[in-house]
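Only a predicted model underlies this, so the values are computations on that prediction, with no experimental measurement involved. Both counts, for ligands and for their atoms, begin at 1 and track the order of listing.
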Amino acid sequence: MPRALITGITGQDGLYLSELLLSKGYEVYGLIRGQNNPKRELVEQTVPGVKLLTGDLMDFSSLLRALETAQPDEVYNLGAISFVAYSWENAHLTADVTGKGVLNILEAVRLYAHDDVSKVRFYQASSSEMFGKVQEVPQRETTLLWPRSPYGVAKVFGHYMTINYRESYGMHASSGILFNHESPRRGPEFVTRKISMAVARIKLGLQDYVTLGNLDAKRDWGYAGDYVEAMWRMLQQPEGDEYVVATGETHSIRDFLDRAFAHVGIEDWAPYVKQDPRFMRPAEVELLIGDPTKAHEKLGWERKVDFPQLVAMMVDNDLEEQRGLMAG
Ligand code: NAP
Ligand code: G4F
């Protein structure tokens, strides 16, 4: 039975990846931080097969201990401070977790594996946010990185450190440059979930409007359930490598609003949307669109859920969730 250790187990991707690996017969260990993490119960209920180990990406010895207990064949490093807006206000913390945390886990894997680094395969959750002020359209594995946020800068550090461990120590280390991926499990701080929750609540008469920032930014949005499949495929390759995982389509926040409101029968959303500079960023990533050709050709990966299906899935989930709350 193959064994995997996942950091970021309480997050959106951690849950989908756990489900995927459990369905493939893996023994799955998840790293959970804090002495009383409020999301522990969610993980235990959603993926009861996962064995939880306490640790933190900033605590090197906790990572070594987790590796020694889990004895993993594959390590998926999904843990991060992942909210871009928060990263300006907490830049040092973001650098420590999202950046240096990658070095900590890579080094822990190297020490754990002793002289045989090939016994552990490593996945790093890199991000399209690294492209920032995009230097090429669409963005591919070779596009120059130009991050626009402390989060993006920290991810660039983790990305190159992953490549460096592969080149320096021969580690099977891969980096997935994933474009935005969403789902009903997306945190409510991210724009898609903020909108799907608001649309559901507006439809049910529980909220009057939603306040947003920049409506013109464009993102290449896919479904998280599809993207974790690409992570797993990367670690099944003979060598570690970098892969862009994206849909190859881009949509503005306005497009997302159009679809989400139309799904509940509201064609003109203007009366329900306000804008506030509070939600604008010091530096914006205006356009992201990925070229997933390499992932298609080398990994045989294809997305299954398209943009209209994704928006409908998220709004339907939030309608059901809000109705459940109303019913008590
Ligand atoms: P998420 O829902 O925000 O989850 C982040 C996870 O990181 C949570 O489990 C969180 O645990 C954990 N974490 C935070 N600080 C930590 C620390 N000090 N030590 C260990 N774990 C820590 O993120 P996601 O959407 O699942 O994304 C997974 C990864 O992919 C992240 O690295 C993200 O940056 C990256 N990524 C995401 C996207 C996307 O569109 N979703 C795109 C590209 C890359 P707590 O619950 O304890 O806070
Ligand atoms: O949903 P967002 O916060 O996601 P963002 O910044 O693209 O980051 C996500 O995707 C990255 C991959 O490219 C990941 F690496 C990262 O971890 C995270 O998962 O914002 C998307 C866009 C931005 O342009 C933002 O300015 O939506 C715009 N936006 C407009 N109003 C808003 C809002 N974003 C948020 N969160 N809240 C708003 O009210």
Nearest protein heavy-atom contact for [atom]: which residue, which atom, what distance?
| atom | result |
| --- | --- |
| atom 31 (N) of ligand 2 | Gly213 N, 2.8 Å |
| atom 3 (O) of ligand 1 | Ser82 OG, 2.6 Å |
| atom 1 (O) of ligand 2 | Val191 N, 2.9 Å |
| atom 26 (O) of ligand 2 | Glu284 OE2, 2.6 Å |
| atom 2 (P) of ligand 2 | Arg281 NH2, 3.8 Å |
| atom 6 (C) of ligand 1 | Gly8 CA, 3.6 Å |
| atom 43 (C) of ligand 1 | Leu178 O, 3.1 Å |
| atom 5 (P) of ligand 2 | Asn180 ND2, 3.7 Å |
| atom 31 (C) of ligand 1 | Leu78 O, 3.0 Å |
| atom 30 (O) of ligand 1 | Ala125 CB, 3.4 Å |
| atom 10 (C) of ligand 1 | Thr10 OG1, 3.8 Å |
| atom 4 (O) of ligand 1 | Gly11 CA, 3.4 Å |
| atom 13 (O) of ligand 2 | Ser128 OG, 2.6 Å |
| atom 36 (N) of ligand 2 | Glu189 O, 2.9 Å |

Part of [X] within contact of ligand 1 (heavy atoms, under 4.0 Å):
| X | value |
| --- | --- |
| Asn37 | side chain |
| Tyr151 | side chain |
| Asp13 | both |
| Ser126 | backbone |
| Arg186 | side chain |
| Arg33 | side chain |

Give, for atom CG of Asn317 and atom CE of Met197, the distance between the pair rounded to the nearest 0.5 Å.
->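 So the CG of Asn317 and the CE of Met197 are separated by 9.5 Å.
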
CH2 (Trp88) with more than 12 external heavy atoms under 6.0 Å |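 Above 12, so yes.
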
With atoms numbered from 1 as shown, which atoms in ligand 2 lie under 4.0 angstrom from a non-hydrogen atom of [X]?
| X | value |
| --- | --- |
| Phe83 | 3 (O), 36 (N) |
| Val84 | 6 (O), 8 (O) |
| Asn214 | 28 (C), 29 (N), 30 (C), 31 (N) |
| Ala217 | 24 (O) |
| Ser82 | 16 (C), 17 (O), 18 (C) |
| Ser127 | 11 (C), 12 (C), 13 (O), 14 (C), 15 (F) |
| Glu129 | 13 (O) |
| Ile253 | 22 (C), 27 (O), 28 (C) |

Return the orientation label for the Phe261 and Tyr272 ring planes: parallel under 30°, perpendicular over 60°, tilted otherwise.
-> parallel

Do the ring planes of Trp221 and Phe307 sit parallel (below 30°), tilted (30 to 60°) or perpendicular (above 60°)?
-> parallel

Salt-bridged, Asp13 to Arg185, with N to O below 4.0 Å?
->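 No, this pair does not count.
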
Could you work out, for [atom], the closest of [options] by heavy-atom distance?
| atom | options | answer |
| --- | --- | --- |
| atom 37 (N) of ligand 2 | Lys194, Met130, Glu182 | Lys194 |
| atom 7 (O) of ligand 1 | Ala80, Gly55, Gly187 | Ala80 |
| atom 42 (C) of ligand 1 | Met231, Gln12, His181 | His181 |
| atom 18 (N) of ligand 1 | Asp56, Ile9, Leu57 | Asp56 |

Derivation and outcome, ring-ring contact (aromatic ring centres under 6.0 Å, His included), residues Tyr16 and Tyr223 | CA-CA 11 Å; Tyr16 282 110; Tyr223 170 53; 5.7 Å; yes

Min N/O separation Thr192 to ligand 2 under 3.5 Å |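 No: no nitrogen or oxygen of Thr192 is under 3.5 Å from one in ligand 2.
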
Short N or O distance, Phe279 and ligand 2, threshold 3.5 Å exclusive =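 No, there is no polar N/O contact under 3.5 Å.
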
Answer with side chain, backbone, both or neither: which part of [X] has a heavy atom less than 4.0 angstrom from an atom of ligand 2?
| X | value |
| --- | --- |
| Arg219 | side chain |
| Arg186 | side chain |
| Leu215 | neither |
| Lys155 | neither |

Using side-chain heavy atoms (C-beta onward) and a distance below 4.5 Å, is [X] in contact with [Y]?
| X | Y | value |
| --- | --- | --- |
| Val28 | Ile6 | yes |
| Leu5 | Tyr76 | no |
| Tyr112 | Lys119 | yes |
| Leu215 | Ser252 | no |
| Leu63 | Leu31 | yes |

Geometric cation-pi criterion Arg193 and Phe190, 6.0 Å radius, 45° cone =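 Pair Arg193/Phe190 does not count as cation-pi.
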
Exam field: side chain [X] to backbone [Y], donor-acceptor pair closer than 3.5 Å:
| X | Y | value |
| --- | --- | --- |
| Gln139 | Glu136 | yes |
| Lys294 | Tyr243 | no |
| Ser175 | Glu242 | no |
| Asn77 | Gln124 | no |

Any N/O of Ile81 closer than 3.5 Å to an N/O of ligand 1?
->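 No, there is no polar N/O contact under 3.5 Å.
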
Give a yes/no verdict on whether any heavy atom in Lys155 is under 4.0 Å from an atom of ligand 1.
->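 In this structure, Lys155 qualifies as a contact of ligand 1 - some heavy atom is under 4.0 Å.
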
Consider ligand 1: state whether an atom of it lies below 4.0 angstrom from any non-hydrogen atom of Val97.
->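 The answer is yes: ligand 1 sits under 4.0 Å from a heavy atom of Val97.
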
Verify whether one side chain among Asp220 and His251 offers a donor that lies under 3.5 Å from an acceptor in the other.
-> no

Side chains of Tyr165 and Glu107: donor-acceptor distance under 3.5 Å anywhere?
-> yes

When Tyr227 is tested against each of Trp232, Trp301, Phe179 for ring pair (Phe, Tyr, Trp, His ring centres under 6.0 Å), which residue passes?
->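 Single pass found, and it is Trp301.
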
